[in-house]
There are 2 protein chains.
Amino acid sequence: MLRKRQGAGLEANRREDLLRAAARLFVEKGFAATTTRDIAEAVGMRSGSPFYHFRSKQDLLKAAMIEGLETGYRRLQAASAGLVDPEQRLRVMIRTHLGNLLEGDCQVPMLLYESRSLDAAARAEIAAVSDRYQAVWQATLDELAASGRLRSSSQPLRLLLFGMLNWTTQWYRRDGELSLDEIAEAAADHLLG
Amino acid sequence: MLRKRQGAGLEANRREDLLRAAARLFVEKGFAATTTRDIAEAVGMRSGSPFYHFRSKQDLLKAAMIEGLETGYRRLQAASAGLVDPEQRLRVMIRTHLGNLLEGDCQVPMLLYESRSLDAAARAEIAAVSDRYQAVWQATLDELAASGRLRSSSQPLRLLLFGMLNWTTQWYRRDGELSLDEIAEAAADHLLG
DNA sequence: CCTACCGATCGGTAGG
DNA sequence: CCTACCGATCGGTAGG
């Protein structure tokens, strides 16, 4: 019984290893340019072994995306749920989102771009998780718009805001001049009055 | 002589056809997921024929990127060069950039993302063309900052601005609610006071 | 620009 | 999770 539980735990660990390696490689080289052999090698397996844990390469992508999104969602909730003032909450959310993007080893929005490689069913599953993430933002932006602390309607604003933040994955460098705190502040300042 | 010139013209046309098809497919499916056979088929050629015009698949990507960037650069210059007021110029540049991104059939910034598939020499060539494009923006943003019409330093701002604009390729729909004019205005308003 | 083709690679599977 | 393998596909070339 104990051995059985331990076995299942180890197996789950290997699955996690594969997911992390896959996410990193998919972001780095793109889904199509990453081979399942690359992923296997990254975790010290032989070429056929990933298929013991995942049915297909697409399945690996789907699982990596969903896990990345859910981790980000949990972090966002944990950081912002207690904040009553919507402006302060937005600032914390922006900083948390940048952390989700740039402090981990998997840049989810760039991964999301790869959903073109999935079938409609998988894309729908991912869109559902992604929508939850968006909804948290929309609620706070609506709150700010209602109290007059945003100039314009809040839906196009959400899209422009996500653009500012998500595009950082294209130019941010850990050893660059700007810290995440500074970027977060600049983005928030340009949004709020 | 006339026939010769005509022949060269037709050949150049086929080359252009290949470039346009390649750019569209590379954006749509990604570089690695697009086969040279896809590109050949898109212009009615057989699988080996693209290699009469281009040495390799990478060469096609490089040429498509450079041409896209140069076309965009020309449009940007043509639209903005005559404008003296920097604020008005910035607004026109924003609108023109959105046109470059979303009115053509090749979304250059998303193509730029594929430069990871090129070698260092090709990447450097592309970076040089891209830098010229950026420099036009930086000059106008500096001018605005110097005259106090921008809140913060203008270099991080340029990056955030490009994020707002380039990310539109991820959500903009031609038949959606927002027009390019409206998006351009919203972006400009959130940048300027 | 086409025909015919090659060598390499890749996702995935059977069987243990 | 490994070994051994298959069928398909792909970038690219020779020769015309």
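Side chains included, hydrogens not; waters and symmetry mates left out as well; all remaining heavy atoms used. Throughout, protein chains are lettered first and strands after them, A, B, ... in sequence-line order, and every chain is numbered starting at 1.
Atom CZ in B:Phe51 sits roughly 13 Å away from atom P in C:dC2 (whole-Å rounding). The nearest whole Å value for the distance from the NZ atom in B:Lys57 to the C1' atom in C:dA8 is 15 Å. Summarising the geometry, the separation between CZ on B:Phe54 and P on D:dG11 is reported as 15 Å, rounded to the nearest angstrom. We find that NE2 of A:His53 is positioned 15 Å from P of C:dT13, with the value rounded to whole Å. Between the CG atom of A:Asp59 and the P atom of C:dG12 there is a distance of 9 Å, given to the nearest Å. Residue B:Leu18 contributes atom CG, which lies 14 Å from atom P of D:dG11 at whole-angstrom precision. For B:Glu41 and C:dC1, the CD to C1' distance is 17 Å, given to the nearest whole Å.
In summary, A:Arg91 and A:Asp189 engage in a salt bridge, as defined by a charged side-chain N under 4.0 Å from a carboxylate O. Residues A:Glu103 and A:Arg95 are paired through a salt bridge, judged by an N-O separation under 4.0 Å between the basic side chain and the carboxylate.
Taking 4.0 angstrom as the limit, B:Arg14 places a side-chain polar atom (N or O) nearer than this to OP1 or OP2 of C:dC1.
In this structure, C:dT3 forms a base pair with D:dA14, meeting either the Watson-Crick or the G-U wobble geometry with both donor-acceptor distances under 3.5 Å.
When distances run from any side-chain atom of A:Arg46 to the nucleotides C:dG12, D:dT3, C:dC2, the shortest one goes to D:dT3. In the set C:dG12, C:dG11, C:dC2, the nucleotide with an atom closest to the side chain of A:Ser47 is C:dG12. For A:Met45, taking side-chain heavy atoms from C-beta onward, the closest of the listed nucleotides C:dC1, D:dC1, D:dC5 is D:dC1. In the set C:dG11, D:dG12, D:dC10, C:dG11 carries the atom at the smallest distance from any side-chain atom of A:Thr35.
Around CZ of B:Arg46, the count of heavy atoms belonging to other residues, nucleotides or ligands within 6.0 Å does not exceed 12.
Across the interface with DNA chain C, nearest-nucleotide mapping of B:Arg37 and B:Tyr52 shows B:Tyr52 to be the residue nearer the 5′ end.
In plain terms, the two heavy atoms of B:Leu19 and B:Ala63 that are nearest each other are CD2-CB, 3.6 Å.
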